[in-house]
K.L.:
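If you scroll down you'll find the structure; I have some questions about it.
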Amino acid sequence: MATFPPVEEQLEYIGKGAAEIIREPELRERLERSRASGKPLRVYAGFDPTAPDLHLGHTVLLRKLKHFQDLGHTAIFLIGDFTAMIGDPTGRNVTRPPLTEEEITRNARTYLDQVFKILDRERTEVRRNSEWFGKFGAAEFIKLAAKYTVSQMLEREDFHKRFQDEKPISMHELLYPLAQGYDSFMLQCDAQLGGTDQKFNLMVSREIARAYGAANSEIVLTTPLLEGTDGVQKMSKSYGNYIGIAEPPREMFGKIMRVSDELMWRYWELLTDISMSGIEAMKQQARSGTNPMLFKKGLAQRIITDFHGEAAAKQALEDWEKQFQRDEVPEDVETAVLGLVSDAGKFDLVPLQSASGAPRAAKKEFAGEARPLVRADKMLTLAGLADSASDAQRKLKQNAVRINGEIQSAHTLKLESLPMEFVVRVGRKMKKIVIAGA
RNA sequence: GCACAGGUGGGUGAGCGGUUAAAACCGACAGACUGUAAAUCUGUUGCCCCUUGGGGCUACGGAGGUUCGAAUCCUCCCCUGUGCACCA
C-alpha cells in the first residue's frame, strides 16, 4: 500500500506555483481519503498535439503534473489526438484550422519523446482521447452537445467578444470544451490541470462530467501562463517568443540570456524547482549589487540541464561566453559550405552540401587580377545569414556584417584561395562560411 | 435566396482614380549604448538585377472590364459577419 506525505505538506507542494485551485476543500478531502486508503489520486492534464514541439511554457503544466507524481499520485497525460482535429479556440479571435491526421500523429510522437524529460515515465498513464471518440457516433455527439447551452458557451469571454464584434465563431470551436468534458468523465479522475487560459474549458469539463453522472465534480487546478521571451505575451510558437525544449543548448542559452532581468525571476519561479525563498535570496543579492547576469547564467544552466544534461549546459555556457563576452569564435560554429562556379569569366556561388567533410575540390591560390570576385549579399543569403539578397544588401549598408572581425560594407569581395574560410557575423548570428570549388 | 457591412503588407489599420511598394502604429532586423541584457535613441523593413547610385518585376480576396493610368470605378465569382426570408 502506498504511503503519502501528510496532507498539509501535500497541499503546500501542490499549491506552489498554482494560479488557482477550484474547490480546495474538496482537494483536501480527497487527499485525506487517499492517504487513509492508500489509493493515489488520479490527476490529468490534456495536451493537444497541435504543434510539433513543446516549449518551456508547456513545461509549467507538466511540472505541476509531476508534483503530483512526486507525492505518489497518478499522473495522466492525455493526448488530445481527437480534439486536435477540432482545434481549440485560439483566444486570438481567429479561427484555427484543424490539423490533419498525419500531423497529429507525428506531433503526438514528438510530444511523448519530450515529456518524459519532466514526467516520470514509470508512473505516467498515457492516454489518447481517440480511444473513446474514435468510436463515438453522431448521435452520441449530439447527446453530448445537449448537455450544454449556447448562452453557457457565450459566457466564455473570447466567444462573447467575437460574437459582439461580429467576428466568426465556428461551431467546432463550441464543441471543443464539450469534448474536453467528456474526456474528464472517461478518465474518472480526481483533478484536472490546465493553464489559466483553459479555465473556461476546465469549468465546462466539470459540469459535463457531472452531467454524465461522475461521482463528484472534479477539482480544477490552473497554472499561470508563462510569458514568452518578450515578457509580454504568453509563450507561444505563433508569437515567436518561445523557447522550445528540443532546441539545441546553445540556442536555448542565447534565448534565455536575452530575457529581461525582470522576467528572469518569473522563469526561476515557474521553470525550476528552487523554492520561493531561494529565489527571494537571489533577488536580494541582485538588488545589493550582484550582477543579475550571473543569475541569468545560472537559470540557463538549470533549464538546459533539465533537457540536455549537465555537460551540454556547461558547453553552452562556455560557448556563449566565448562568442558574446569575449568576441571569440566558439568551438563548433555552424558551418555553411558554398561552391564557387564560374561562367564565362563571371563567378557565382552555389549552395553545397556540407555533410560529409570537406569537398574534394582541388586547392587553389589566386593572385592579382585572377582573384575571383564574389557577391557578399549572395554569400550571406546562401549561408542563411540573411533572408534575401535585398536583406543582405541592407545589412551590408548598415555595417552589420563582419567578416573575420572586419566590417564588410562593399558588396563584393575577392577570394584569395580555395577553399577559403571566413567567420561571418551578422548581428548576433555567427557562422563559418567555407567556399570551395564546385 | 435577398439586403446591408466587410476582405489591404508579419499583425492592427489608413487610403477610395494618378506624386502609393502603399500612411500610422506594433512587430521584426540592424547600429549606438550595455551585462549579447531590458529600457532608450537611430536606421532599415516586398523581390530581383547592375560598380555605395540607379534599374526592373510583382503586390491591396479571385477572374475579367472601363481608363493614358485602378488598392481605389464596373461585372461576375469566392470568403466573413449581421438582419430578413426559407425550413410544406
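We name chains A, B, ... by the order of the sequence lines, and we start the count at 1 in each one.
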K.L.:
For residues A:Tyr182 and A:Phe136, establish whether the separation of their ring centroids is below 6.0 Å.
P.N.:
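Yes: the rings meet the under 6.0 Å criterion.
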K.L.:
Test for a donor-acceptor pair under 3.5 Å between the base of B:rG43 and the side chain of A:Gln398, counting only N and O atoms.
P.N.:
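Yes.
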K.L.:
At under 4.0 Å between heavy atoms, how does the protein contact nucleotides 52-57 of chain B? Give one character per nucleotide, 5' to 3', with B, S or -.
P.N.:
------
K.L.:
When the P atoms of B:rU20 and B:rG46 are considered, how many whole Å apart are they?
P.N.:
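These two P atoms come out 15 Å apart once rounded.
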K.L.:
When the P atoms of B:rA88 and B:rA3 are considered, how many whole Å apart are they?
P.N.:
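Roughly 25 Å separates the two P atoms.
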K.L.:
In whole Å, measure the gap between the C1' atoms of B:rU36 and B:rA71 for me.
P.N.:
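It comes out at 42 Å once rounded to the nearest Å.
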K.L.:
For A:Gln393 and A:Asp377, what are the C-alpha separation, side-chain angles and deciding distance, and is it a side-chain hydrogen bond (donor to acceptor under 3.5 Å, both in side chains)?
P.N.:
CA-CA 6 Å; A:Gln393 284 175 32; A:Asp377 57 343; 2.9 Å; yes
K.L.:
Whole Å only: how far is the CG atom of A:Asp230 from the P atom of B:rA28?
P.N.:
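That distance rounds to 7 Å.
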K.L.:
Side chain of A:Ser388 only, please: which of B:rC48, B:rG35, B:rU45 is the nearest?
P.N.:
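Closest nucleotide to the A:Ser388 side chain: B:rC48.
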K.L.:
Output the pairing pattern of RNA chain B as a dot-bracket string, 5' first, Watson-Crick or G-U wobble with both distances under 3.5 Å, | for cross-strand pairs, [ ] for crossing pairs.
P.N.:
((((((((.[[[..)..(.....]]]((((((.......))))))(((((..)))))...[[[[[..)....]]]]])))))))....
K.L.:
Nearest of B:rC49, B:rA38, B:rG35 to any side-chain atom of A:Lys378?
P.N.:
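Selected nucleotide (nearest to the side chain): B:rC49.
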K.L.:
So, using side-chain contact (heavy atoms from CB on, under 4.5 Å) as the criterion, who are the partners of A:Leu373 when residues are at least two apart?
P.N.:
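Expected list: A:Thr412, A:Lys414.
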K.L.:
Within the structure provided, determine whether A:Ile79 and A:Leu112 are in side-chain contact (heavy-atom separation under 4.5 Å).
P.N.:
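Yes, close enough: below the 4.5 Å cut-off.
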